[in-house]
Amino acid sequence: MSKRIVTFGEILLRLSPPSHLRLTQASSFDLYYGCAEANVAASLSKFGLPVKFITAVPSNELGESSLSMLRSFAVEPIAITTGKRLGIYYFEQGASERPGKVVYDREDSSFSTLKRGMIDWETIFKDADWFHWSGITPSLSQDLADLCKEALEFATKMGLTISADLNYRPKLWQYGRQANEIMPDLVQHCDLLLGGIDESEKVLGVPRNESDTEEVVFANWMKVFPKLKNIVSTHRMDANASSNGISASLWNGENLLNSRRYNISHIIDRIGAGDAFMAGIIYGLITWPEDQQTALEFAVAATCLKHSISGDINLATVNEIKALMGGSGGGRVSR
C-alpha cells in the first residue's frame with residue numbers, strides 16, 4: 001500500500017483573530033501555515049503514506065518556518081527558493097448566523113513567480129505513483145496555469161494516478177481568464193475529481209439543467225473527460241457558521257454511492273475540511289480499492305473530525321477516523 005504521493009501548490013501563512021473576533025477588532029492573531037495541497041499532503045503523511053510537497057518560498061524565516069511545519073508532519077518539501085514574500089491570508093471565524101470571511105494578501109508572493117521550466121518534474125515524479133493538485137494554483141496567473149499543465153503532462157506521460165479538487169475561489173480568478181477557459185484542459189488528465197454540480201458550467205464548461213441529478217451531471221463530466229474514473233462531492237447542509245450537517249457521494253461511472261450524514265453541532269474551524277476529505281478519499285481508495293463505500297465513509301469521517309481541530313490541517317489519526325466510522329462519536333473521553 002506504499003503509494004508515493006506528490007502534491008503541488010502554494011504554502012500560505014494564515015492569520016486568524018482569536019476567540020471569534022472580527023478582523024476589525026483584532027489586536028493579535030493566531031498563526032498557522034497551510035494551503036489546500038499542503039493540507040492534503042500533511043494528512044496523507046499522518047495516515048502513513050510517503051508524500052512530497054512542491055512549492056516556492058522566500059529565503060527568510062517565514063519560508064523556513066513553513067517548511068519546518070511540513071517536515072514536522074514527515075512531509076518532504078521540495079521548495080524553489082525565489083521571490084521575497086510568503087503569501088498570507090486572513091481568516092475571520094464565523095459564529096452562529098455570521099459567516100466566516102477570508103481576505104487574501106498573496107500578490108507578488110514567491111509562488112507567483114514560478115513559470116514553466118523552473119521545476120524538474122521528471123525527477124520529482126520518477127519514484128511517485130500519485131499526483132494531486134487543485135484549482136487554486138491555475139486561478140492565480142496564466143504562468144501558474146501553464147506550469148500546472150506542464151506538471152500534468154509529465155505526470156500523465158509517466159503513468160501516475162492524478163487527482164484534483166476543483167476548489168473554485170471566485171476572488172482568485174483576477175487575471176482576465178475565467179475558470180471554464182482554463183480548467184477543462186487540466187481536468188482532462190485526472191482520474192479522480194472532487195467537485196460539486198454547481199461548478200459544472202462555471203468551472204468545467206459543461207452545461208447543466210437545474211433539474212439534473214448528481215448522476216446526470218457527473219455522467220456528463222465523464223463523457224467530456226473520459227479519463228475520469230471516480231468523482232466525489234461533499235454536501236454541506238448549512239444551519240449556520242457554528243453547526244452543519246455533512247455527507248458525501250461518489251460516482252464511479254455506474255453507481256452513485258452515498259455516505260452517512262454527520263451533524264456537527266459546534267464547529268471549531270472549518271478551514272481545511274475539504275482537504276481533509278480529499279486526503280481521506282485518496283487514502284481510502286488506496287487502502288480499500290475494492291470497497292469504495294468504505295473509502296467514502298473514511299473520507300467523510302475525516303472531514304467531520306477536522307471541524308473540531310484548529311488550523312488548516314486535519315490532525316485526526318487513522319484509528320480515530322475508523323473509530324468514528326464504527327460509531328464511537330459523541331464526544332466521550334477516551335480512557
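The analysis underlying the following values was restricted to heavy atoms, covering all of them including side chains, and did not include hydrogens, waters or symmetry mates.
- The side-chain tip of R71 does not point at the ring of F73 from less than 6.0 angstrom away and within 45° of straight on.
- Note: F298 and F47 have perpendicular aromatic rings, judged against thresholds of 30 and 60 degrees for the angle between ring planes.
- Not counting sequence neighbours, D108 has no partner by the side chain to side chain contact (heavy atoms under 4.5 Å, CB included) test.
- Looking at T156 and H189, their side chains do bring a donor and an acceptor atom within 3.5 Å of each other.
- D165 places a side-chain N or O within donor-acceptor distance of the main-chain N or O of N167, the cut-off being under 3.5 Å.
- When each of L228, L285, I231 is tested with L192 by the rule side chain to side chain contact (heavy atoms under 4.5 Å, CB included), just one qualifies, namely L285.
- In summary, of the residues considered (N314, N39, T7), a side-chain hydrogen bond (donor to acceptor under 3.5 Å, both in side chains) with D275 occurs for N39 alone.
- Between F131 and F125, the angle of the ring planes goes over 60°, which puts this pair in the perpendicular group of the 30/60° scheme.
- Remark: side-chain polar atoms of S112 are paired, donor with acceptor, to backbone N or O of S109 under 3.5 angstrom.
- A distance of 5.0 Å separates NZ in K157 from CD in E122, rounded to the nearest 0.5 Å.
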Subject >> Stepwise side chain to side chain contact (heavy atoms under 4.5 Å, CB included) check, R4 with W130 >> reply: CA-CA 6 Å; R4 292 157 294 184; W130 194 298; over 6 Å; no
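- The shortest side-chain heavy-atom distance between E215 and W251 falls under the 4.5 Å cut-off.
- A search for salt bridge (Lys or Arg N to Asp or Glu O under 4.0 Å) contacts involving D269 returns R14, not counting sequence neighbours.
- Remark: the backbone N or O of A276 is not paired with any side-chain donor or acceptor of S43 at under 3.5 angstrom.
- Annotation: side chain of H132 is in contact with side chain of I282 (closest heavy-atom distance under 4.5 Å).
- No more than 12 heavy atoms of other residues, nucleotides or ligands sit less than 6.0 Å from atom CD of E107.
- Contacts of Y33 classified as side-chain hydrogen bond (donor to acceptor under 3.5 Å, both in side chains), with partners at least two apart in sequence or in another chain: S65.
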Subject >> Derivation and outcome, side-chain hydrogen bond (donor to acceptor under 3.5 Å, both in side chains), residues N180 and E201 >> reply: CA-CA 7 Å; N180 58 18; E201 192 155 2; over 6 Å; no
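- Side-chain contact between E10 and L140 is present, with heavy atoms from C-beta onward closer than 4.5 Å.
- Among residue pairs with one or both ends in residues 79-93, those qualifying as salt bridge (Lys or Arg N to Asp or Glu O under 4.0 Å) are R22-E92, R85-D105, E92-R98; sequence neighbours excluded.
- Atoms CG and OG, from N255 and S249 in turn, are 12.5 Å apart once rounded to the nearest 0.5 Å.
- A salt bridge links D127 with K52: the closest approach of a Lys/Arg side-chain nitrogen to an acidic carboxylate oxygen falls below 4.0 angstrom.
- Note: the hydrophobic cluster containing V103 also contains F29 (ILVMFWY, side chain heavy atoms under 4.5 Å, direct or indirect links).
- Within the 4.5 Å cutoff, no side-chain heavy atoms of I268 are placed close to those of I309.
- Between the side chain of S66 and the backbone N or O of G63 there is at least one donor-acceptor pair closer than 3.5 Å.
- Between the side chains of E150 and W121, at least one donor N or O sits under 3.5 Å from an acceptor N or O.
- We find the SG-CH2 distance between C190 and W221 to be 11.5 Å, quoted to the nearest 0.5 Å.
- In summary, the aromatic rings of Y104 and F91 are positioned with their centroids too far apart to meet the 6.0 Å limit.
- Partners of Q142 under the side chain to side chain contact (heavy atoms under 4.5 Å, CB included) rule, at least two apart in sequence or in another chain, are A145, D146, Y175, R177, I182.
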**OP:** Take H235 and S247 through the test side-chain hydrogen bond (donor to acceptor under 3.5 Å, both in side chains) and record every step on the way to the result.
**Re:** CA-CA 5 Å; H235 308 292; S247 65; 5.3 Å; no
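- A distance of 5.5 Å separates CG of L296 from CZ of F277, quoted to the nearest 0.5 Å.
- Counting only heavy atoms from C-beta outward, the side chains of V187 and L193 approach each other to under 4.5 Å.
- Residues passing the salt bridge (Lys or Arg N to Asp or Glu O under 4.0 Å) test with D120: none are found, sequence neighbours excluded.
- Once rounded to the nearest 0.5 Å, the distance linking CD1 of I5 with CZ of F53 reads 14.0 Å.
- No continuous path of ILVMFWY side-chain contacts below 4.5 Å connects L315 to M278, so the two sit in separate hydrophobic clusters.
- Taken from CD in E37 to CD1 in I54, the straight-line distance is 11.5 Å, to the nearest 0.5 Å.
- A salt bridge is defined here as a Lys NZ or Arg NE, NH1 or NH2 lying under 4.0 Å from an Asp or Glu carboxylate O, and D143 with R116 fails to meet this definition.
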